[in-house]
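In this chain, residues are counted from 1 in sequence order. Heavy-atom basis, side chains included; hydrogens, waters and symmetry copies ignored.
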Amino acid sequence: MNLALVHIIGAPVACAEGVKDTWRDVAKHAADQLIARFGDSVRVQYFDLFDPDCPALPDGAQLPLVIIEGEVLSSGGKISVPAIRKRIEALGVRPHAN
C-alpha cells in the first residue's frame, strides 16, 4: 500500500462562547503529526457532518468518527493519533526517512 486515506468526521460544537470547530482543529493537529511521520504516504481529510461531500456514516456511528481506508477505526471518544498511526502501519505504510 502506497497511500493511506484517513477520513475524520466531526461537527462544530456549541458552547457558552459560541460555536467552536474543535474537532477540525484536533483533526488538523493529527494530520500534521501523521504527515510528519508518513509524508506523502498518508492523506487526511476532515469533513464536517453537514458538508455536502461528507461520507455516509455507518449505523450507530458517533462523532468524531475516524475511518481509515473505508474501515471505522473509532466512533465517539477522542481522536487518537497513536491508534491511527498503528492502523496505518498495519496497512504496510512505513514512516518516511527524515
Original post:
Given side chains that start at C-beta, do those of Val6 and Ile88 come closer than 4.5 Å, heavy atoms only?
Top reply: yes
Original post:
Do Ile84 and Ile79 come close enough that some side-chain heavy atom pair is under 4.5 Å?
Top reply: yes
Original post:
For the residue pair Ile9 and Cys54, what are the closest heavy atoms and their distance?
Top reply: CG2-SG, 3.7 Å
Identify, with sequence neighbours excluded, every residue that meets side chain to side chain contact (heavy atoms under 4.5 Å, CB included) alongside [X].
X: Ser41; answer: Phe38, Val93
X: Gln33; answer: His29, Val81
X: Asp53; answer: Phe47, Asp51

Original post:
Can you tell which of Ile8, Leu49, Leu57 makes a side-chain contact (heavy atoms from CB on, under 4.5 Å) with Leu65?
Top reply: Leu57
Original post:
Sequence neighbours excluded, which residues qualify as ring pair (Phe, Tyr, Trp, His ring centres under 6.0 Å) partners of Tyr46?
Top reply: none
**OP:** Measure from the side-chain N and O atoms of Gln45 to the backbone N and O of His7, and report whether any donor-acceptor pair falls under 3.5 Å.
**Re:** no
Original post:
Which distance, rounded to the nearest 0.5 Å, do you find between the CZ of Arg37 and the CD of Glu89?
Top reply: 4.5 Å
Subject >> Spatial distance of atom CZ (Arg85) from atom CG (Leu34) [nearest 0.5 Å] >> reply: 8.5 Å
Original post:
Which residues pass the salt bridge (charged side-chain N to carboxylate O under 4.0 Å, His left out) test with Arg24, sequence neighbours left out?
Top reply: Asp21
Original post:
Looking at residues at least two apart in the chain, or sitting in another chain, which of them share a side chain to side chain donor-acceptor pair (under 3.5 Å) with Lys28?
Top reply: Asp32
